[in-house]
Chemist: 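Please find one structure pasted underneath; my questions will follow.
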2 protein chains.
Amino acid sequence: MRLSRYFLPILRDTPKEAEIVSHRLMLRAGMIRQQSAGIYSWLPLGLRVLNKISNIVREEQNRSGAVEILMPTIQSADLWRESGRYDAYGKEMLRIKDRHERDMLYGPTNEEMVTDIFRSYVKSYKDLPLNLYHIQWKFRDEVRPRFGVMRGREFLMKDAYTFDLDQAGARHAYNRMFTAYLRTFARLGLKAIPMRADTGPIGGDLSHEFIVLASTGESEVFCHKDYLDFATPSVDTDFDSIPGLQGVVDKWTSLYAATDEMHDKEAFEAIPADKQVSARGIEVGHIFYFGTKYSAPMGATVTGPDGAQVPVHMGSYGIGPSRLVAALIEAGHDDAGIVWPDEIAPFDIAVLNLKKGDAGTDGACEELYKALAAKGYDVLYDDTDERPGGKFATADLIGMPWQIIVGPKGLAEGKVEIKRRAGGEREQVSLAAALDRFPGRSA
Amino acid sequence: MRLSRYFLPILRDTPKEAEIVSHRLMLRAGMIRQQSAGIYSWLPLGLRVLNKISNIVREEQNRSGAVEILMPTIQSADLWRESGRYDAYGKEMLRIKDRHERDMLYGPTNEEMVTDIFRSYVKSYKDLPLNLYHIQWKFRDEVRPRFGVMRGREFLMKDAYTFDLDQAGARHAYNRMFTAYLRTFARLGLKAIPMRADTGPIGGDLSHEFIVLASTGESEVFCHKDYLDFATPSVDTDFDSIPGLQGVVDKWTSLYAATDEMHDKEAFEAIPADKQVSARGIEVGHIFYFGTKYSAPMGATVTGPDGAQVPVHMGSYGIGPSRLVAALIEAGHDDAGIVWPDEIAPFDIAVLNLKKGDAGTDGACEELYKALAAKGYDVLYDDTDERPGGKFATADLIGMPWQIIVGPKGLAEGKVEIKRRAGGEREQVSLAAALDRFPGRSA
């Protein structure tokens with residue numbers, strides 16, 4: 001992409017309304033624009049990151065056996081009356097009347113609708129297990145939306161729903177999602193620690209929040225330090241292996257980890273002092289087994305092996321891609337701006353032409369731009385008239401992982417500069433060597 | 001994808017509520033489920049098609065120079081008061097009050113919001129031209145939603161908006177979209193003919209609907225037969241060439257073509273009788289230049305080359321991917337079900353195992369499934385217990401373009417059958433030859 005033809009509205013000043021660093025940087029980097037309280041437009045750079053995150057989430061959901069659907073944003077209130085949640089949900093639910101005065105709502109979550117889909121089609125235990133997920137915009141009418149997309153009103157959520165014949169099946173479904181979440185966050189470059197969450201009236205041990213440690217986190221969390229070095233389940237994980245996945249979950253729940261809400265001071269202090277981590281955290285995922293809470297009142301039953309009708313056991317599993325954009329910035333930034341993990345960066349490489357209009361730099365940049373694109377990289381070519389200082393600042397602000405800097409002085413000696421955003425290392429190399437640094441890859 | 005692990009709820013009976021063939025087939029093929037009047041869930045098969053269409057739309061928008069953003073679904077009423085459309089829009093607009101009693105709405109279109117984004121950031125003619133588009137769900141509260149996703153209430157729309165300094169610039173922007181639309185519909189396997197549309201108070205000739213001929217179309221259309229043989233602008237089209245694109249548009253508007261609304265009987269009858277096409281059509285796109293209609297009242301101005309502030313000239317350009325799913329089925333089906341163009345089909349190849357549990361057919365199918373997937377094909381492997389007749393019917397109903405049928409009898413002679421959905425041709429070939437028929441491709 002040529003920057004002169006892109007839409008990247010950088011703000012040079014720090015917006016006053018932004019309380020946390022991710023919000024400030026997303027506004028400054030031209031990633032989002034607030035349209036109303038807690039409601040954002042995603043500008044081109046922000047949308048690229050959001051899509052990269054969503055795609056990683058999707059790949060890991062698919063790998064674990066979940067099947068993607070897409071439910072609508074507007075739902076009928078009648079479904080929520082069946083589960084009893086229409087009156088219970090409170091003011092966070094955006095309630096709507098259509099032109100025929102029917103009660104509708106903007107879905108804050110989809111347990112009722114997915115249960116309705118399930119009961120319409122699935123009649124036998126032979127069609128289980130089933131995991132349906134979607135990545136769709138949700139609306140929760142927060143009293144005080146804040147922190148940008150970290151706590152917005154309209155937000156993107158991946159929500160998966162599992163259906164099993166019994167609790168044992170539901171536990172394996174839960175373990176699949178648990179494992180998929182570990183892989184997802186690791187691929188996003190995040191250390192996310194599963195922490196036991198409140199199960200309320202459902203009881204049991206099948207509810208976890210996945211928490212990223214970040215000094216700007218919203219809540220206090222406590223955990224054993226060894227979690228930070230645990231290995232992520234591999235790409236070859238067999239999601240059908242019941243003992244295999246139970247082993248993953250057992251390992252990742254073997255040590256102490258708790259949010260403020262569930263904190264047990266005594267248990268935490270029993271950990272050796274040098275292993276005690278007390279920090280702030282951001283919730284980036286939540287998984288939850290809730291048994292027959294929706295299937296029983298809504299009549300989502302299947303015929304079991306013995307011919308009896310039984311309500312299915314369900315769980316729900318959420319990750320918010322829009323919130324993750326902010327969480328990634330909270331976890332990865334410095335004074336100059338955002339530092340993206342390579343897999344998430346909106347572009348792989350920036351090419352900075354320090355003297356637009358100079359035949360030498362123009363030619364070298366064009367060559368780099370075209371050759372790198374042909375190798376399968378997303379390249380942002382800064383071909384604008386801006387001065388070098390502005391170009392450097394922009395490339396750092398928006399977090400370009402690799403920057404190839406092409407100026408007339410260096411070029412006179414046959415050199416361009418490669419800069420690594422994360423560590424700041426710089427290297428002078430020939431144009432050919434710069435190209436060789438980036439091997440071809442499939443698009 | 002193994003069908004035993006997929007979610008493909010086929011209906012054997014024809015749903016009574018569906019009036020048109022695309023709606024019937026989408027319900028029968030388990031592509032969609034109605035959740036409320038005019039509001040649908042996209043089941044796995046339907047979502048795959050919807051995404052394929054959206055991606056082609058996106059690729060052609062990007063190729064033409066448009067830049068993707070994503071605006072939210074919920075908008076503030078205040079923006080629409082600025083343009084004067086809040087009161088004018090009528091009951092099709094879904095109006096909402098949030099918890100603080102602020103007037104909000106579910107966007108039926110985005111002229112106001114995109115104009116607001118533009119005016120927030122763009123101040124100079126040097127930043128023009130600009131084309132911002134998004135692919136987002138819209139809501140129009142139709143009195144009588146019908147025909148499935150052809151005329152739903154919640155629907156997916158690609159809407160692009162162009163910003164130019166003057167009318168000449170806007171004309172080139174219009175021509176870019178005109179050309180991109182021709183390419184888009186051709187890639188979708190559709191013959192779409194641009195027909196002059198009413199420009200209302202704006203005047204001029206810069207409004208076209210793109211119409212697909214289909215016997216089940218919603219409106220009557222009239223055109224010169226030669227349009228059906230016009231060549232599509234090539235992939236190498238230079239979207240920066242003003243005369244080049246004007247040539248494309250001139251050619252594609254050189255002959256008579258009109259919807260019922262704009263029909264000129266006399267002009268039509270002046271066409272040689274054997275060139276007169278009178279048919280029914282489905283509107284699949286609409287492009288529209290509207291000058292300063294929104295920029296003037298909303299203060300979206302730029303500094304021109306002479307230093308004066310001028311309101312920008314705008315246009316909007318819509319394609320409905322969800323409606324296109326239905327249009328493609330209206331244009332491509334037979335008594336057995338859907339006939340997808342290869343590029344749009346939810347899977348490329350179906351492998352039908354006629355005797356699940358037989359070591360020979362199981363082994364051959366596994367080999368085909370894995371080898372074809374490794375070559376970059378999306379394969380649906382019917383590994384269910386269903387009888388052969390049911391498997392044939394399902395593969396045809398959902399429109400699998402290529403079907404490899406593996407039965408014990410054929411296999412005893414070392415043969416499998418390849419069936420082409422579109423023409424019905426069948427061929428007996430060896431397993432190795434079947435694999436060779438599908439060359440490797442990049443995923």
Side-chain angles (χ1 to χ4, degrees), chain A residues 1 5-7 9 11 30 33 35-37 39-44 46-48 50-51 65 67-76 78-79 91-92 94-100 102 104 106 113-114 116-117 120-122 126-127 130 132 134 136-137 139 141-143 153-154 385 442-443, chain B residues 1 5-7 9 11 30 33 35-37 39-44 46-48 50-51 65 67-76 78-79 91-92 94-100 102 104 106 113-114 116-117 120-122 126-127 130 132 134 136-137 139 141-143 153-154 385 442-443:
Chain A
M1 178 60 65
R5 293 173 168 235
Y6 202 49
F7 182 60
L11 305 182
R33 168 174 158 71
Q35 300 294 160
S36 309
I39 302 179
Y40 292 85
S41 282
W42 291 78
L43 303 180
L47 180 59
R48 289 182 81 101
L50 184 63
N51 286 341
V67 178
E68 189 174 7
I69 62 174
L70 185 58
M71 292 177 269
T73 60
I74 301 296
Q75 307 186 12
S76 162
D78 290 340
L79 269 181
K91 288 202 154 190
E92 272 197 19
L94 191 67
R95 293 159 205 264
I96 305 168
K97 274 193 196 299
D98 73 7
R99 68 189 296 163
H100 299 299
R102 282 176 297 218
M104 313 292 286
Y106 197 121
M113 190 176 278
V114 79
D116 177 55
I117 292 172
S120 308
Y121 298 113
V122 183
K126 291 179 190 166
D127 296 323
L130 184 63
L132 298 176
H134 74 161
Q136 176 62 293
W137 294 90
F139 201 97
D141 202 359
E142 302 263 359
V143 186
R153 293 199 290 170
E154 186 169 332
D385 293 327
S442 51
Chain B
M1 177 60 65
R5 294 174 167 234
Y6 202 48
F7 181 60
L11 304 182
R33 169 173 158 71
Q35 300 294 159
S36 308
I39 302 178
Y40 292 85
S41 283
W42 291 78
L43 304 180
L47 180 59
R48 289 182 81 99
L50 184 64
N51 286 341
V67 178
E68 189 173 8
I69 62 174
L70 185 58
M71 292 177 268
T73 59
I74 301 296
Q75 307 186 12
S76 161
D78 290 341
L79 270 182
K91 289 202 152 191
E92 272 196 19
L94 191 67
R95 293 158 204 263
I96 305 169
K97 275 194 195 300
D98 73 6
R99 68 189 294 163
H100 299 300
R102 283 177 297 220
M104 313 291 287
Y106 197 121
M113 189 177 279
V114 79
D116 177 54
I117 291 173
S120 308
Y121 299 112
V122 184
K126 290 179 190 165
D127 295 323
L130 184 63
L132 298 176
H134 73 160
Q136 176 62 294
W137 294 91
F139 201 97
D141 202 358
E142 302 263 359
V143 188
R153 293 199 290 170
E154 185 169 334
D385 292 327
S442 50

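What's counted below: heavy atoms across the whole structure, side chains too, no hydrogens, waters or symmetry copies. The structure displayed is predicted, hence computed values, not measured ones. Within every chain, numbering begins at 1; the chains are lettered A, B, ... in the order of the sequence lines, protein sequences first and strands thereafter.
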Chemist: With a 4.5 angstrom heavy-atom cut-off, is it the side chain or the backbone of B:E142 that approaches chain A, or both, or neither?
Modeler: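 Contact with chain A is through the backbone of B:E142 alone.
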Chemist: What part of B:L94 gets closer than 4.5 Å to chain A, counting heavy atoms only: side chain, backbone, both or neither?
Modeler: side chain
Chemist: In terms of heavy-atom pairs under 4.5 Å with chain B, which of A:G65, A:G30, A:S120 leads?
Modeler: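 Highest number of pairs under 4.5 Å: A:S120.
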Chemist: What part of B:R48 is in contact with chain A, defined as an atom under 4.5 angstrom from a non-hydrogen atom: side chain, backbone, both or neither?
Modeler: neither
Chemist: Kindly write out the residues that satisfy side-chain contact (heavy atoms from CB on, under 4.5 Å) with A:D127, not counting sequence neighbours, or none if the list is empty.
Modeler: A:V122, A:S124
Chemist: Between A:R153 and B:D98, does a side chain to side chain contact (heavy atoms under 4.5 Å, CB included) hold up when you go through it step by step?
Modeler: CA-CA 11 Å; A:R153 293 199 290 170; B:D98 73 6; 3.0 Å; yes
Chemist: Out of curiosity, A:M104 CE to B:I96 CD1, how far, rounded to the nearest 0.5 Å?
Modeler: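 Spacing of CE (A:M104) from CD1 (B:I96) equals 10.5 Å.
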Chemist: Most heavy-atom pairs under 4.5 angstrom with chain B, which of A:R33, A:E92, A:M71, A:R99?
Modeler: A:R99
Chemist: Kindly assign one of parallel, tilted or perpendicular to the pair A:F7 and B:Y121, based on the angle between their ring planes and the thresholds 30° and 60°.
Modeler: perpendicular
Chemist: Could you pull out the closest heavy-atom pair between A:I74 and B:E154, with the gap in Å?
Modeler: N-OE1, 3.0 Å
Chemist: In terms of heavy-atom proximity below 4.5 Å to chain A, should B:S76 be classed as side chain, backbone, both, or neither?
Modeler: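 Interface part for B:S76: both.
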Chemist: For B:M1, which atoms come within 4.5 Å of any heavy atom of chain A: side chain, backbone, both, or neither?
Modeler: neither
Chemist: Please report the C-alpha distance between B:W42 and A:H134 in whole Å, then the side-chain angles of each, then the deciding distance to 0.1 Å, and finally whether the side chain to side chain contact (heavy atoms under 4.5 Å, CB included) criterion is met.
Modeler: CA-CA 10 Å; B:W42 291 78; A:H134 74 161; over 6 Å; no
Chemist: Got a second to check how far B:Q75's CD is from A:S41's OG, nearest 0.5 Å?
Modeler: 8.5 Å
Chemist: Heavy atoms only, distances under 4.5 angstrom: which of A:L79, A:L50, A:L70, A:I69 has the most pairs with chain B? Name it, please.
Modeler: A:L70
Chemist: Sequence neighbours excluded, which residues qualify as salt bridge (charged side-chain N to carboxylate O under 4.0 Å, His left out) partners of B:K97?
Modeler: B:D103
Chemist: Count the heavy-atom pairs under 4.5 Å between each of B:I117, B:L130, B:L11 and chain A, then report the option with the highest count.
Modeler: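 Result: the option with the highest number of such pairs is B:I117.
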Chemist: Name the region of B:L47, side chain, backbone, both or neither, that has any atom closer than 4.5 Å to a heavy atom of chain A.
Modeler: side chain
Chemist: Identify which of A:G46, A:P9, A:P72 forms the greatest number of heavy-atom pairs closer than 4.5 Å to chain B.
Modeler: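 When all of A:G46, A:P9, A:P72 are compared, A:P72 has the most.
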Chemist: Please rank B:T73, B:D385, B:L43 by heavy-atom pairs under 4.5 Å with chain A and give me the top one.
Modeler: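 Max contact count across the listed options: B:T73.
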Chemist: Counting heavy-atom pairs closer than 4.5 Å to chain A, which one of B:L132, B:V143, B:V67, B:D78 comes out on top?
Modeler: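 Counting heavy-atom pairs under 4.5 Å, the top option is B:V143.
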Chemist: Counting only heavy atoms from other residues, nucleotides and ligands, does the tally under 6.0 Å from CZ of A:R5 exceed 12?
Modeler: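 Result for CZ/A:R5: open.
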